[in-house]
Engineer: 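Structure below; questions to follow.
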Amino acid sequence: MNIQLVAPPLDLRFLIQGYWYADAASVKHPTYRIFSDGYPGLIFQHVQGNPGLFRGTDVLPLCFIYGQKSKGFCLNECEAGTLFFGIQFQPYAFKQLMGIDASVLTDCCLDARELFRGLAIEPLVEFEHWMSFVSYFNAYFRTLNCRVEQNPYIIPIVSNFDSYFTFSSSQVAQMHHVSARKFQRDFKSYVGLSFEAYRQLIKFQKAAYCLKKHPETKIVDIAYALYYADQAHFGRIFKFYSGYTPKEFMDKQWNYNESEVIHHSRLRILSQ
């Protein structure tokens, strides 16, 4: 599929990382590998009004939301002619939007209407251009009153996670004058993963970015730069998240079309 990325308006960027769109004529592969990227999201997809996306034997809803992934990658299959529109939310968006514990949605996909009341699916089936989807969802999310939580210190930590990348959860808790237990509870409630699990995920994404952008760099050097114990440990973690060894992943890079990948500095979708 040829994927078009669309930036959200300035007033919604605290909730939405980005929009993406792939029209029905652009789906060229039956199977796509879905990586953990640290962003929960929403996907609307259809073929002439019917679902065109499958995970194993499960038919995914026309419009569904997904939380964080803790179990590595998964494989989705799609019918030819499937139209896609997606939203990548900020990691803490579900907590801010709905006040729910984000960990409830970890490793889950569910019909978006179960969480977003008043979301109408019928108009979406008629849309034929990405601008119509963007306008619709911009208007919808502007109608929601975001909850003001009592523990907003988690949001700047997540938003500036590179600044905390080398610290333990206990150290970050000390920086913000809370107990380690409270910090872990608050972080998981906002993000859907523990601090350590989220850090491991971001390390994988940084490694994937380095392998893609700097193929001349030795794998062992990337491993040590990202604080893995050694190359073997790096290889095991990388394969858990991607299904590839670092070497296999680098070889794969030469075989895909750049326009078929959803990424900012993080990788989400890759054709098989």
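Since this is a predicted model, take the numbers as computed values, not measurements.
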Engineer: Taking atom types as modelled and ignoring hydrogens, do the side chains of D37 and Y241 form a donor-acceptor contact shorter than 3.5 angstrom?
Structural biologist: no
Engineer: CD1 of I222 to CE of M250: how many Å apart, nearest 0.5 Å?
Structural biologist: 6.5 Å
Engineer: Would F14 and I100 show up in the same hydrophobic cluster when neighbours are defined by side-chain heavy atoms closer than 4.5 Å?
Structural biologist: yes
Engineer: Would you call F183 and I154 a side-chain contact if the rule is heavy atoms closer than 4.5 Å?
Structural biologist: yes
Engineer: At their closest point, which heavy atom of P40 faces which heavy atom of G67, and how far apart are they?
Structural biologist: CB-CA, 4.1 Å
Engineer: I'd like a table of donor-acceptor pairs (distance under 3.5 Å, sequence neighbours excluded) in which one partner is a side-chain atom from residues 125-137, with atom names and distances.
Structural biologist:
{"residue": "H129", "atom": "ND1", "partner": "M131", "partner atom": "N", "Å": "3.0"}
{"residue": "S135", "atom": "OG", "partner": "M131", "partner atom": "O", "Å": "3.0"}
{"residue": "Y136", "atom": "OH", "partner": "A120", "partner atom": "N", "Å": "3.0"}
{"residue": "Y136", "atom": "OH", "partner": "A120", "partner atom": "O", "Å": "3.1"}

Engineer: Taking T106 for its side chain and G192 for its backbone only, find out whether a donor-acceptor pair lies under 3.5 Å.
Structural biologist: yes
Engineer: Do Q184 and E196 have side-chain N/O donor and acceptor atoms under 3.5 Å apart?
Structural biologist: yes
Engineer: I87 and Y39: side chain to side chain contact (heavy atoms under 4.5 Å, CB included), yes or no, with the steps?
Structural biologist: CA-CA 9 Å; I87 304 172; Y39 299 122; over 6 Å; no
Engineer: Transitively linked via ILVMFWY side-chain contacts under 4.5 Å: F84 with V47?
Structural biologist: no
Engineer: Spell out, yes or no, whether L201 and F240 are grouped together once hydrophobic residues are joined by side-chain heavy atoms under 4.5 Å, including indirect joins.
Structural biologist: yes
Engineer: What pairs of residues pass the ring-ring contact (aromatic ring centres under 6.0 Å, His included) test when at least one of them lies in residues 53-82, not counting sequence neighbours?
Structural biologist: none
Engineer: Using the side-chain contact (heavy atoms from CB on, under 4.5 Å) criterion, which residues pair with H176? Sequence neighbours excluded.
Structural biologist: Y153, I157, Y164, V172
Engineer: Could you tell me which non-hydrogen atom of K95 sits nearest to which non-hydrogen atom of S189, and how far apart they are?
Structural biologist: NZ-OG, 3.0 Å
Engineer: Quick one: list whatever passes side-chain contact (heavy atoms from CB on, under 4.5 Å) with S242, sequence neighbours left out.
Structural biologist: F35, F204, F238, Y244
Engineer: K69 and C74: which non-hydrogen atoms are nearest, and at how many Å?
Structural biologist: NZ-SG, 3.7 Å
Engineer: Once salt bridge (charged side-chain N to carboxylate O under 4.0 Å, His left out) is applied, what residue pairs with a partner in residues 39-49 remain, sequence neighbours excluded?
Structural biologist: none
Engineer: Mind checking whether Q96 and I155 have side chains closer than 4.5 Å, heavy atoms only?
Structural biologist: yes
Engineer: Taking the six-membered ring for Trp, are F44 and F85 ring centroids under 6.0 Å apart?
Structural biologist: no
Engineer: To the nearest 0.5 Å, what is the distance between OG (S170) and CE (M175)?
Structural biologist: 11.0 Å
Engineer: Can you measure from CG (L75) to OG1 (T31) and round to the nearest 0.5 angstrom?
Structural biologist: 7.0 Å
Engineer: Measure across L193 and Q68 and return the closest heavy-atom pair with its distance rounded to 0.1 Å.
Structural biologist: CG-CB, 3.8 Å
Engineer: Which pair of non-hydrogen atoms, one from R13 and one from A7, has the smallest distance, and what is that distance?
Structural biologist: NH2-CB, 3.9 Å
Engineer: Do any side-chain atoms of residues 225-234 form donor-acceptor pairs under 3.5 angstrom with protein atoms, and if so which ones, sequence neighbours left out?
Structural biologist:
{"residue": "D230", "atom": "OD1", "partner": "A232", "partner atom": "N", "Å": "3.2"}
{"residue": "D230", "atom": "OD1", "partner": "H233", "partner atom": "N", "Å": "2.8"}
{"residue": "H233", "atom": "ND1", "partner": "A229", "partner atom": "N", "Å": "3.4"}

Engineer: Check whether Q88 reaches the backbone of R268 with its side chain - one donor and one acceptor, N or O, closer than 3.5 Å.
Structural biologist: no
Engineer: Mind checking whether I16 and Q90 have side chains closer than 4.5 Å, heavy atoms only?
Structural biologist: no
Engineer: Measuring from atom CG of D221 to atom CD1 of I219, what distance do you get when rounded to the nearest 0.5 angstrom?
Structural biologist: 10.0 Å
Engineer: If we only count heavy atoms from C-beta on, is the P91 to Y190 side-chain gap below 4.5 Å?
Structural biologist: no
Engineer: Tell me, please, which residues at least two apart from F167 pass ring-ring contact (aromatic ring centres under 6.0 Å, His included).
Structural biologist: none
Engineer: Working to the nearest 0.5 Å, report the span between CD1 of I43 and CG of L60.
Structural biologist: 8.0 Å
Engineer: Does any part of the side chain of I202, heavy atoms only, come nearer than 4.5 Å to the side chain of F165, both counted from C-beta?
Structural biologist: yes
Engineer: Just jot down the side-chain contact (heavy atoms from CB on, under 4.5 Å) partners of K239, sequence neighbours excluded, or say none.
Structural biologist: T245
Engineer: Measure the CG-OG1 distance between N138 and T143 for me, rounded to the nearest 0.5 Å.
Structural biologist: 11.5 Å
Engineer: Tell me every residue that passes side-chain hydrogen bond (donor to acceptor under 3.5 Å, both in side chains) with R55, counting only those two or more places apart in sequence or in another chain.
Structural biologist: N76
Engineer: Kindly state each residue pair satisfying ring-ring contact (aromatic ring centres under 6.0 Å, His included) with at least one member in residues 89-124, sequence neighbours excluded.
Structural biologist: F89-F94, F89-F141, F116-F141
Engineer: I want to check something: taking the side chain as every heavy atom from C-beta on, are L115 and L105 in contact at a cut-off of under 4.5 Å?
Structural biologist: yes
Engineer: Using the salt bridge (charged side-chain N to carboxylate O under 4.0 Å, His left out) rule, collect all pairs that involve residues 100-117, keeping only residues at least two apart or in two chains.
Structural biologist: D111-R113
Engineer: Check the hydrophobic clustering (I, L, V, M, F, W, Y; side-chain heavy atoms under 4.5 Å; chains of links allowed) and say if L144 and Y19 are grouped together.
Structural biologist: yes
Engineer: Apply side-chain contact (heavy atoms from CB on, under 4.5 Å) to D162 and list each qualifying residue two or more places apart in sequence or on a separate chain.
Structural biologist: K206
Engineer: Within the structure provided, determine whether R142 and D11 are in side-chain contact (heavy-atom separation under 4.5 Å).
Structural biologist: yes
Engineer: Is it the case that one hydrophobic cluster holds both Y198 and V104, taking links as side-chain heavy atoms less than 4.5 Å apart, direct or via other members?
Structural biologist: no
Engineer: For S194 versus A197, what's the shortest heavy-atom pair and its separation?
Structural biologist: OG-N, 3.1 Å
Engineer: Is the side chain of Q45 donor-acceptor paired with the backbone N or O of P61 at a distance under 3.5 Å, no angle test?
Structural biologist: yes
